2 protein chains.
Amino acid sequence: MKDFNKLSERQRNILRYMEDYVAEHGFPPTIRQIGEATGINSTSVVNYNLNKLVQAGYLSRSSHVARGLRLVVEVPGGKKAARLAVQAAATNFQVPLYGSIFASEPVPVPEDYYPEDNVEVTPAMLGGVDPAEAFALRVKGDSMIDAMIREGDIVILRSQTTANNGDMVAVWLEDRSETTLKYFYRDGGRIKLQPAHPEMQPIYVDPAVCSIRGKVLSIIRQL
Amino acid sequence: MKDFNKLSERQRNILRYMEDYVAEHGFPPTIRQIGEATGINSTSVVNYNLNKLVQAGYLSRSSHVARGLRLVVEVPGGKKAARLAVQAAATNFQVPLYGSIFASEPVPVPEDYYPEDNVEVTPAMLGGVDPAEAFALRVKGDSMIDAMIREGDIVILRSQTTANNGDMVAVWLEDRSETTLKYFYRDGGRIKLQPAHPEMQPIYVDPAVCSIRGKVLSIIRQL
DNA sequence: AGTATAGATGAACACCCGTTCGGTTGTCAA
DNA sequence: TTGACAACCGAACGGGTGTTCATCTATACT
């Protein structure tokens, strides 16, 4: 259960403005419009608070997209309900399943394959990421054990070729001809890939042979 | 009444794409996205046709505004109706979260505690179990590593005191004062508890000191 | 034939807009 | 005091995005 009162005054104002703006215009406002309407002078602060709201489950965002905002819950005190956006986001999403992920083969990515099935996920499992950017893979073999992932698990990813420190990423290591899921860190000129298992050692690779295929959003294991 | 057939093929495609895109993303597409989706190579042609559609009363535009488009009528053959029907059928369940599961403490079970939160799950994650019998626990500490479960994972369980061979169960071992998640097998007069990690050894316990608290239905890990 | 008009093309332009980064302030705990 | 952290600011960067323009083709009309 979301608690609207846990948010800061600014964040509540942002949500109300979002709802009003969408109701009036049919599309979301820009960061600068939000800042102007809520008395925030810097676009980075608006951005900062928007990310907080995503984290709290009130919004979802599409990165690098103009007006790439969606409300995912109804906002108390808003003038009208933005019906379409709320309905599209308040229920489950169907995420395309592009096949299986092996240690010994590259990751199937949406650009190269057709989906073979759909996986149903809740909005929380996408962490605010645009559903259109997400895809799913089934894990084959026990080679991902160091990532605490088992045969049969479903991995939900966001398709991307770069990553931030601390992200869990699916990478293809060209020199080893190996796909792996590990935590990503930049370490000087190299890349450190840290297994999720706390007792296992990280590996260090050259960025040139480490191609990122996606960021892991969540993992589902059904027994 | 507008006559949909008076429009050109391209213009009808634009309207259908508009509706699908808005339904999926919650905000309108850009001119270039429309062009790519409808096989128009030049942004100016999209612009041209959009103005035609405005003139015909199908759209309204906000000039010099990114994604400044709105549909003003419903489009025959759009996906909107189908999408809503699918979403309505695929409802989520709210499963109560009864707290955290430690290795060193008994499992919180619905009879003894009040839920502190709800977890949203898809029907598939309950595996056909009555939602009223399901509950959720948050994993604390890395003591469940032998079950391939990490700190922060959410475990969905069905409350029950017996189990079948092959079920993953949450058990309280009285003699060890320990809670654990393992695969359950009857082995003669004893109970065999097999860790999920394939390289770890099973333990054998006396049924008298092994109290089953629930059967694991699924596990969610959000990163 | 000559001409007007609708539709289309590709390129260029200029502003819009999300993102990032270095730095500041205030609060709270050690 | 010191350090860590959340919140905030201002500025700059670079790609996104609507707009405009010169040009071309095809059709219909005079």
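When reading the values below, keep in mind they use all heavy atoms of this one structure, side chains included, and skip hydrogens, waters and symmetry mates. Since this is a predicted model, take the numbers as computed values, not measurements. Throughout, a chain's letter reflects where its sequence line sits, starting with A, and its residues are numbered from 1.
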- chain A vs DNA chain D, heavy-atom contacts under 4.0 Å, first-to-last nucleotide span, 5' to 3', is dA6(D) to dT17(D)
- Item | Non-hydrogen side-chain atoms of R61(A) and N47(A) separated by less than 4.5 Å | yes
- Query: If you take all heavy atoms of A37(A) and Y17(A), which pair is closest and at what distance?
  - Reply: CB-CE1, 3.3 Å
- Over all heavy atoms of both residues, which pair between I34(A) and P29(A) is shortest? Give the atoms and the distance, please. CG1-CG, 3.7 Å
Please state how far atom [atom1] in [X] lies from atom [atom2] in [N], giving the value in whole angstrom units.
| X | N | atom1 | atom2 | answer |
| --- | --- | --- | --- | --- |
| I34(A) | dC17(C) | CD1 | C1' | 12 Å |
| I31(B) | dC16(C) | CD1 | C1' | 14 Å |
| R61(A) | dC17(C) | CZ | C1' | 11 Å |
| H64(B) | dA14(C) | NE2 | P | 13 Å |
| R67(A) | dT19(C) | CZ | C1' | 17 Å |
| Q33(A) | dC16(C) | CD | P | 11 Å |
| F27(A) | dC17(C) | CZ | C1' | 14 Å |

- Message: Under 4.0 Å, counting only non-hydrogen atoms across every strand here, what does R32(B) touch: a base, just sugar-phosphate, or nothing?
- Response: base
- In plain terms, say whether R16(A) and E19(A) are close enough for a salt bridge, that is, a side-chain N and a carboxylate O under 4.0 Å apart. no
- Task: For the helix from dA1(C)-dT30(D) to dA30(C)-dT1(D), figure out the bend between the end axes, five pairs an end, and round to 10 degrees.
- Result: 20°
For [X] and [Y], indicate whether the former's side chain and the latter's backbone hold a donor-acceptor pair under 3.5 Å.
| X | Y | answer |
| --- | --- | --- |
| T43(B) | I31(B) | no |
| R67(B) | A66(A) | yes |
| R158(A) | K215(A) | no |
| R70(A) | F27(B) | no |

- Starting at the 5' end of DNA chain C, which residue's closest nucleotide do you reach first, K52(B) or V65(B)? K52(B)
- Note on the structure: What residues 36-48 of chain A contributes to the DNA chain D interface at heavy-atom separation below 4.0 Å is I40(A), N41(A), S42(A), T43(A), S44(A), V45(A), Y48(A)
- Message: Which residue is it: T38(B), V46(B), I40(B)? I am looking for the one with a side chain to side chain contact (heavy atoms under 4.5 Å, CB included) to R10(B).
- Response: I40(B)
- Knowing that exactly one of I219(A), L217(A), I220(A) qualifies, which makes a side chain to side chain contact (heavy atoms under 4.5 Å, CB included) with R221(B)? I219(A)
- Would you give the length of the straight line joining atom CG of L53(B) to atom CD1 of I14(B), rounded to the nearest 0.5 angstrom? 5.5 Å
